Amino acid sequence: MFRQGNKLSTSISRLSTLASRAAGVRAKSTLPSLPYDFGALEPVVNSEIMTLHHGKHHATYVNNLNAALEKMSDAMAKQDYATMIALQGAIQFNGGGHLNHSIFWQNLCPVKDVVAPSEANPELAKAIEGQWGSLDNFKTEFNTKTAAIQGSGWGWLGYNKQSKKLEIATCANQDPLVMKGLVPLLGIDVWEHAYYLQYKNARPEYLKQIWQVVNWKDVAARYEAAKKA
């Protein structure tokens, strides 16, 4: 018992020391700029939604993440394990919000720049058709599962590195897709702040329209990177 307890204490001490050193040189997270103007996704998503979504909601996740990590750094330095544990929820929520939105902005593009999956990457288009029969079938299943999310969350197209197949998955709140063991390729935000000012409570209509601004080139690039990782 003494040896096991001593080993555990030593392991925790080493982990805290390493984490404290890493936290000391950690750069703060920053709000990424949009790769297009706030009104560039109209008429699918209006500029008012984009301005609030990016400048208020995403910015809040970034600010809260930095605040939580700062507190975590202090707790690590003091070896305050109770505080470290208590901060995990805030870090997961706000870190997930930052990560998810950073992918989301890149997953979208103006209507004029949209290309079909087959043009973006024939292999990706073939994989989608191979698993769902057609792109339309894929969209239907994706929209059905995502519309059914209770409360807030995200719908995802992910890559399973174990099976080497694509999967549709949903995540509650701001949980990142990596928690389900999948690499995120395409994420659609169905928190009400993503659509309510324009679509009111018609989440299915928002999901139907959002495909007009999906950046398949970005999805294809993530697909290729996931296969090579």
Side-chain angles (χ1 to χ4, degrees), residues 29-65 91-115 117 120 124 138-139 142-143 145-149 151-159 166-180 182-199 203-226:
S29 296
T30 58
L31 180 67
S33 299
L34 288 179
Y36 36 74
D37 294 335
F38 289 114
L41 303 184
E42 291 185 344
V44 178
V45 183
N46 66 38
S47 60
E48 182 181 14
I49 287 177
M50 292 299 296
T51 300
L52 292 171
H53 198 172
H54 177 265
K56 297 295 184 182
H57 293 281
H58 189 175
T60 297
Y61 295 126
V62 172
N63 293 336
N64 288 344
L65 173 62
I91 292 172
Q92 177 179 315
F93 180 78
N94 292 292
H98 178 36
L99 174 63
N100 293 341
H101 283 87
S102 296
I103 295 171
F104 184 54
W105 308 134
Q106 299 290 334
N107 276 169
L108 304 178
C109 68
V111 175
K112 64 181 179 62
D113 297 327
V114 172
V115 300
L124 172 60
F138 159 72
K139 290 179 180 179
F142 185 101
N143 287 1
K145 290 184 175 180
T146 304
I149 293 173
S152 303
W154 291 74
W156 290 98
L157 171 64
Y159 180 72
L166 300 173
E167 292 185 22
I168 294 172
T170 60
C171 294
N173 300 313
Q174 293 296 352
D175 289 352
L177 188 60
V178 68
M179 293 179 66
K180 295 196 172 185
L182 300 174
V183 179
L185 305 180
L186 169 64
I188 302 299
D189 187 353
V190 290
W191 280 65
E192 286 191 343
H193 61 236
Y195 63 89
Y196 197 86
L197 289 177
Q198 184 172 352
Y199 294 92
R203 179 186 284 180
E205 183 62 22
Y206 159 71
L207 288 168
K208 178 182 176 181
Q209 299 300 326
I210 199 72
W211 295 102
Q212 295 182 59
V213 290
V214 167
N215 185 356
W216 285 106
K217 290 182 179 179
D218 182 70
V219 179
R222 295 177 188 278
Y223 176 61
E224 287 301 317

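None of these values were measured; they are calculated from a predicted model.
Heavy-atom minimum distance, H98 versus P32: CE1-CD, 4.0 Å. In terms of heavy atoms, I103 sits closest to P184 at CD1-CG, 3.7 Å. Considering all non-hydrogen atoms of both residues, S29 and L65 come closest at OG-CD2, 3.7 Å. Contact between L182 and A169 at its shortest, heavy atoms only, is CD1-CB, 3.9 Å. Across all their heavy atoms, G155 and I149 have their closest contact at N-CD1, 4.2 Å. Among all heavy-atom pairs drawn from G55 and A59, the shortest one is O-CB, 3.2 Å.
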Checklist entry - Stepwise, does the side-chain contact (heavy atoms from CB on, under 4.5 Å) test hold for L157 with L166? => result CA-CA 7 Å; L157 171 64; L166 300 173; 3.9 Å; yes
Next on the checklist: Checking H101 against H53 for the ring-ring contact (aromatic ring centres under 6.0 Å, His included) test, could you report, in this order, the C-alpha distance in whole Å, the side-chain angles of both residues, the deciding distance, and whether it holds?
Outcome noted: CA-CA 9 Å; H101 283 87; H53 198 172; 4.8 Å; yes
Checklist entry - When you look at M179 and Q92, which way does the side-chain contact (heavy atoms from CB on, under 4.5 Å) test go after all the steps? => result CA-CA 10 Å; M179 293 179 66; Q92 177 179 315; 3.5 Å; yes
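By the 4.5 Å heavy-atom criterion applied to side chains, N100 and D189 are not counted as neighbours. Looking at heavy atoms from C-beta onward, L31 lies in side-chain contact with H54 at the 4.5 angstrom threshold. Residues L186 and V214 form a side-chain contact, since some pair of their non-hydrogen atoms from C-beta on lies under 4.5 Å apart. At a threshold of 4.5 Å between non-hydrogen side-chain atoms, the residues C171 and K180 count as touching.
Distance CD/Q198 to CE/M50: 11.0 Å, rounded to 0.5 Å. For the atom pair R203 CZ and W191 CH2, the distance stands at 11.0 Å (nearest 0.5 Å). Remark: I168 CD1 to W156 CH2 distance equals 14.0 Å, nearest 0.5 Å. With rounding to the nearest 0.5 angstrom, the CG atom of N94 is 10.5 Å from the NE2 atom of H58. Interatomic distance, L108 CG to I210 CD1, rounded to the nearest 0.5 Å: 5.0 Å. Interatomic distance, CG of D175 versus CG of L99, reported as 11.5 Å (0.5 Å rounding).
The side-chain contact (heavy atoms from CB on, under 4.5 Å) search around E224 returns N121, E123, K227, K228, not counting sequence neighbours. For E48, the salt bridge (Lys or Arg N to Asp or Glu O under 4.0 Å) test picks out no residue, with sequence neighbours left out. Here W216 pairs with nothing under the side chain to side chain donor-acceptor pair (under 3.5 Å) rule; sequence neighbours left out. Considering only residues two or more places apart in sequence or on other chains, A226 meets the side-chain contact (heavy atoms from CB on, under 4.5 Å) condition with Y159, V183, L185. Partners of D218 under the salt bridge (Lys or Arg N to Asp or Glu O under 4.0 Å) rule, at least two apart in sequence or in another chain, are R222. K208 is linked by a salt bridge (Lys or Arg N to Asp or Glu O under 4.0 Å) to nothing, counting only residues two or more places apart in sequence or in another chain. In terms of the ring-ring contact (aromatic ring centres under 6.0 Å, His included) criterion, residue partners of F138 (sequence neighbours excluded) are, by chain and number, W132, F142, W211. For the side-chain contact (heavy atoms from CB on, under 4.5 Å) test, residues two or more places apart in sequence or in another chain that qualify with V115 are E119, A120, K217. With sequence neighbours excluded, no residue forms a side chain to side chain donor-acceptor pair (under 3.5 Å) with Y199. Residues meeting the side chain to side chain donor-acceptor pair (under 3.5 Å) test with Y206, sequence neighbours left out: none. Here C109 pairs with D113, V114, N215 under the side-chain contact (heavy atoms from CB on, under 4.5 Å) rule; sequence neighbours left out.
The ring of F104 has its center closer than 6.0 angstrom to the ring center of W154.
Formation of a donor-acceptor pair under 3.5 Å by the N107 side chain with backbone atoms of G187 is found in this model. Within the 3.5 Å criterion, the main-chain N or O of G158 finds no donor-acceptor partner in the side chain of E167.
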Distance-only donor-acceptor hits, side chain of residues 34-45, under 3.5 Å, sequence neighbours excluded:
| unit_1 | atom_1 | unit_2 | atom_2 | d |
| --- | --- | --- | --- | --- |
| Y36 | OH | W105 | O | 2.8 |
| E42 | OE2 | S47 | N | 2.9 |
| E42 | OE2 | S47 | OG | 3.4 |

